[in-house]
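Report on one structure; see the data block that follows.
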Amino acid sequence: MRLSQLFGKTQREIPSEADTASHQLLLRAGMIMQVAAGVYSYMPLGWRVLKKIENIIREEMDNAGGQELAMPVLQPVELWQQTGRDQSFGKGLFTLLDRRERTLVLGPTHEEVLTQMVSHHVQSYRDLPQLLYQIQTKFRDEPRPRGGLIRVREFIMKDLYSFDVDEDGLEVSYQKMVQAYRNIYDRCALPALFVEADSGAIGGKDSHEFMLIAENGEDEVICCDSCQYATNVDKAVSVKRQIGPEKPLPLEEVATPGMKTIEELANFLNMPKDHTLKAVFYAADGQVVFAMIRGDLDVNEVKLQRLLKCTDLHLATEAEVSAAGISAGYASPMGLKGIKIVADDSVTGGINFVAGGNKPDIHIKNVNYPRDFKADIVADIARVGEGDACPKCGGMLKSMPGIEIGHVFKLGTFLSNALGANFIDEKGDSRPIIMGCYGIGLGRLLAAAVEHYHDDKGIIWPLSIAPYQVYLCPLYREDTNVVEVAERLYRELQSAGLEVLFDDREESPGVKFNDADLLGIPLRVTVSPRTLQNNNVETKWRAEKESQLVLRDEAVAKIKELVKAK
RNA sequence: CGGGGCGUAGCGCAGUCCGGUUAGCGCGCAGCGUUCGGGACGCUGAGGUCGGAGGUUCAAAUCCUCUCGCCCCGACCA
């Protein structure tokens, strides 16, 4: 491709819309353009990268035994009502009316459509297992798109679904996919971390995410510095410190005027925060829930939501709290009636806590569980943080931001039950098909690659997904010898099967080099009067500082070898 | 949905508080010339419904009301 003909220009200035590295660089490189919030066009260079990623994914899916098919974006809402997932997606579903005023949804994912298809075409255990996938556009009306391509409302995703006769079969499919995903990230040169994940209200037992550690990641990964334990923060558990040993003391009221927060209370009473009890109120599907946790810990809402199995969970509003008869800041689990109490298990591992007195400006000392109060549920609902102890080995846990670049789920039979996807087993009994699903967002993977591979000059594409492999860069176009050699090299490199971006523009060396760096083409080949003096051309990897000279006559063979060796 | 910010040429911005020539500057773009190994320079030129609608006024980018869009933080995000 001749750069002079390429659609899309580089931009020197940073677009004001963007503040993550990948967003800025992809815009400046002329690879993408925003159309609406969370909606982007791919320009030729960006689209080439996306295609490369797509091909890698397709090859790995096929290698793993996947069969590609295509399903519609447009889906009848009734299908979603059958599984109840119109509710769980809620406002995230894009819906529209057709001319007959029937509601259609723009597919955010395709379990429903495919499960229905499978239910029609699979009757026997002999028809299973199946691994079916597509690479196609999804629509999700995210509350807040952000970070350029990292979180968008319309995106291309590879989604594969597995259908098996039993749990063992599911396990085999799952492992195949995990391995296929590892191959994909290896080929894209991205060090993805395999972590335990929250499977959400609808998923089955097991779910894992592939995370790329990145400054701009919106997920939080917890991992151990001395063993392999790695998990999404929403799934993380840690070993909680035990408090004590002390003897339980009798209850005692204390005046605590104006002390509403744990911080103030602990200071005022001159005791550590882990000797206080924190009360947090949530509305779970409209019901007020009283969550208790040791004062030095915080509640993880995803864990709480999973525990309560509710679809909506938010901090209760002041109105909701007072309607339940609770005095915020001084609330106590003692003597509360008619409100569900969920206690983090940290309250059972401590002693002589200070808790609210259920009236303004009063707290109660030496509260002990279960002597002084009961809870409806005792479970781990604590947010794990940096420095906590690893549940596997006792080591120190670290917290890092990450980008979710792949997610695999064991779905089980929820959807096959709802949609009647059954098969007849060897004994002639009808059983639901056991499902799994496996997704990778291509655009997000592309953005993640830029987040991982860039410097202050621009993108540094891994060779496997670079839009072009070679940036051919002649300097000083008035020199006919330079032009001639460059033109010939361009043809020869292409004939050798290399993908070449030929900077045939009449620009100064500075402009060309800077554009080459911004675009991030892996290998730069410079031809100039200076190199030709000794019959050389210059090669330089984008990722490296030093350049090398190679003889002009050996250049094509040498460049081919360099690219192949990577 | 709550909080904050922004909308003026393809891009980055000034001008808005305190209304008043022909709405500026830089980059980019076009032409000519000089340059040429890390975003060169000179001259000339094109390019604007000042997000939109309504209002106040002799006069609105600027003041008022409504509205649309975008970004960030939070909520949210099988």
Side-chain angles (χ1 to χ4, degrees), chain A residues 8-20 23-24 27-28 30 33-39 80 83-93 108-112 138 140-148 150-153 159 197-204 206-207 209 216 218-219 232 234 282-283 301-302 305-306 309 311-315 317 404 407-412 414-415 435-439 441 456-458 473-479 482 505-518 524 526-533 537-538 540 545 547:
Chain A
K9 281 195 204 328
T10 58
Q11 257 174 242
R12 195 178 304 202
E13 284 175 283
I14 299 169
S16 63
E17 312 288 64
D19 63 4
T20 56
H23 194 194
Q24 290 179 355
L27 286 170
R28 284 186 54 210
M33 184 166 169
Q34 185 171 36
V35 177
V39 180
W80 287 82
T83 58
R85 295 212 306 171
D86 57 327
Q87 294 301 315
S88 40
F89 266 94
K91 287 188 172 165
L93 269 190
T109 177
H110 282 72
E111 282 85 359
E112 276 76 1
K138 309 283 188 233
R140 294 183 191 177
D141 197 358
E142 295 289 345
R144 185 151 92 81
R146 72 187 107 181
I150 290 178
R151 185 163 213 89
V152 292
R153 298 192 296 167
D159 44 326
D198 175 46
S199 58
I202 285 168
D206 254 346
S207 173
E209 288 165 329
N216 288 316
E218 48 178 359
D219 281 297
N232 188 304
D234 294 332
Y282 289 94
E301 295 182 11
V302 174
Q305 181 165 9
R306 194 160 55 217
K309 296 186 173 65
T311 52
D312 176 62
L313 182 77
H314 60 263
L315 277 176
T317 61
E404 180 195 339
H407 202 156
V408 294
F409 294 85
K410 291 182 183 171
L411 290 175
F414 173 82
L415 291 152
M435 296 176 55
C437 79
Y438 316 84
D456 56 340
K457 299 292 252 176
C473 188
L475 302 180
Y476 200 34
R477 285 195 57 85
E478 273 71 24
D479 188 312
V482 168
R505 300 172 303 170
E506 295 190 33
E507 290 288 353
S508 68
V511 170
K512 291 188 169 193
F513 287 156
N514 278 297
D515 274 344
D517 288 347
L518 175 58
R524 190 181 77 194
T526 307
V527 182
S528 72
R530 193 196 284 181
T531 65
L532 289 182
Q533 233 167 32
V537 301
E538 178 195 275
K540 179 185 169 298
K545 227 181 144 73
S547 59

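So that the names make sense, note that chain A is the first sequence line, chain B the second, and so on, each numbered from 1.
A straight line from CG of A:N232 to P of B:A78 spans 13 Å, rounded to a whole angstrom. Between the CG atom of A:D19 and the C1' atom of B:G5 there is a distance of 12 Å, given to the nearest Å. Rounded to whole Å, atom C1' of B:C77 lies 16 Å from atom NE2 of A:H314. Counting to the nearest Å, the P atom of B:A78 and the CZ atom of A:F409 are 9 Å from each other.
Nucleotide B:U56 forms a pair with no other nucleotide shown, judged by Watson-Crick or G-U wobble geometry with both contacts under 3.5 Å. In this structure B:C41 sits in a base pair with B:G33, meeting the Watson-Crick or G-U test at under 3.5 Å. Base pairing analysis places B:C13 opposite B:G24; the two distances defining the Watson-Crick or G-U wobble pair are each below 3.5 Å. Pairing for B:C6 goes to B:G69, judged as Watson-Crick or G-U wobble with the two contacts each under 3.5 Å. Remark: B:G19 base-pairs with no nucleotide; criterion is Watson-Crick or G-U wobble with both hydrogen-bond distances under 3.5 Å. With a cut-off of 3.5 Å on both Watson-Crick or G-U wobble distances, the partner of B:U49 is given as none. Using N1 to N3 plus N6-O4 or O6-N4 for Watson-Crick, or N1-O2 and O6-N3 for G-U wobble, each under 3.5 Å, B:A61 pairs with nothing.
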Revision key, fill the gap. Under a 4.0 Å heavy-atom criterion, the protein footprint on nucleotides 7-13 of chain B, written with B, S and -, is ----BSS

Review point. When every nucleotide of nucleotides 29-38 of chain B is labelled 5' to 3' by its protein contacts under 4.0 Å (heavy atoms), B for base, S for sugar-phosphate only, - for none, what sequence of letters results?
Key: -------BBB

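Residue-level contact check: A:R151 touches the bases, meaning some heavy atom is under 4.0 Å from a base atom. Here A:Q34 lies in heavy-atom contact (under 4.0 Å) with sugar-phosphate atoms only. Looking at heavy-atom distances under 4.0 Å, A:R153 makes no contact with the nucleic acid at all. Residue A:A18 is out of contact with every strand shown, counting any heavy-atom pair closer than 4.0 Å. A:L313 comes within contact range of the sugar-phosphate backbone alone, with a heavy-atom separation under 4.0 Å but no base atom that close. Within the nucleic acid shown, A:G147 comes within 4.0 Å of sugar-phosphate atoms alone, with no base atom in reach, counting heavy atoms only. Among the heavy atoms of the strands lying under 4.0 Å from A:E301 are primed sugar atoms or P, OP1, OP2 only; no base atom is included.
Residues meeting the side-chain hydrogen bond (donor to acceptor under 3.5 Å, both in side chains) test with A:D86, sequence neighbours left out: none. With sequence neighbours excluded, the residues forming a side-chain contact (heavy atoms from CB on, under 4.5 Å) with A:P529 are A:Y476, A:D479, A:V482, listed by chain and number. Applying the side-chain contact (heavy atoms from CB on, under 4.5 Å) criterion to A:S528, with sequence neighbours excluded, gives A:L475, A:R530, A:T531. Residues that satisfy the side-chain contact (heavy atoms from CB on, under 4.5 Å) test with A:S547, not counting sequence neighbours, are A:E538, A:K540. For the side-chain contact (heavy atoms from CB on, under 4.5 Å) test, residues two or more places apart in sequence or in another chain that qualify with A:E218 are A:R146, A:I150, A:R151, A:R444. Residues forming a side-chain hydrogen bond (donor to acceptor under 3.5 Å, both in side chains) with A:T20 (at least two apart in sequence, or on another chain): none. Contacts of A:K9 classified as side-chain hydrogen bond (donor to acceptor under 3.5 Å, both in side chains), with partners at least two apart in sequence or in another chain: none.
Nucleotides B:U16 and B:G42, compared at atom C1', are 36 Å apart to the nearest Å. Atom P of B:A61 sits at a distance of 31 Å from the matching atom of B:C72, rounded to the whole Å.
OP1 and OP2 of B:A78 both lie 4.0 Å or more from every side-chain N or O belonging to A:Q87. At B:G28, one or more side-chain N or O atoms of A:R12 fall inside 4.0 Å of OP1 or OP2 (strictly under the cut-off). Residue A:R144 places at least one side-chain N or O under 4.0 Å from the OP1 or OP2 atom of B:C72.
For B:A78, its base sits under 3.5 Å from the side chain of A:T109 at one donor and acceptor pair at least.
Taken to the nearest 0.5 Å, the CG atom of A:L415 stands 5.0 Å off from the CZ atom of A:R85.
The side-chain tip of A:R140 does not point at the ring of A:F89 from less than 6.0 angstrom away and within 45° of straight on.
Side-chain contact between A:P108 and A:L93 is present, with heavy atoms from C-beta onward closer than 4.5 Å.
Taking 4.0 Å as the cut-off between side-chain N and carboxylate O, A:D198 and A:R306 count as a salt-bridged pair.
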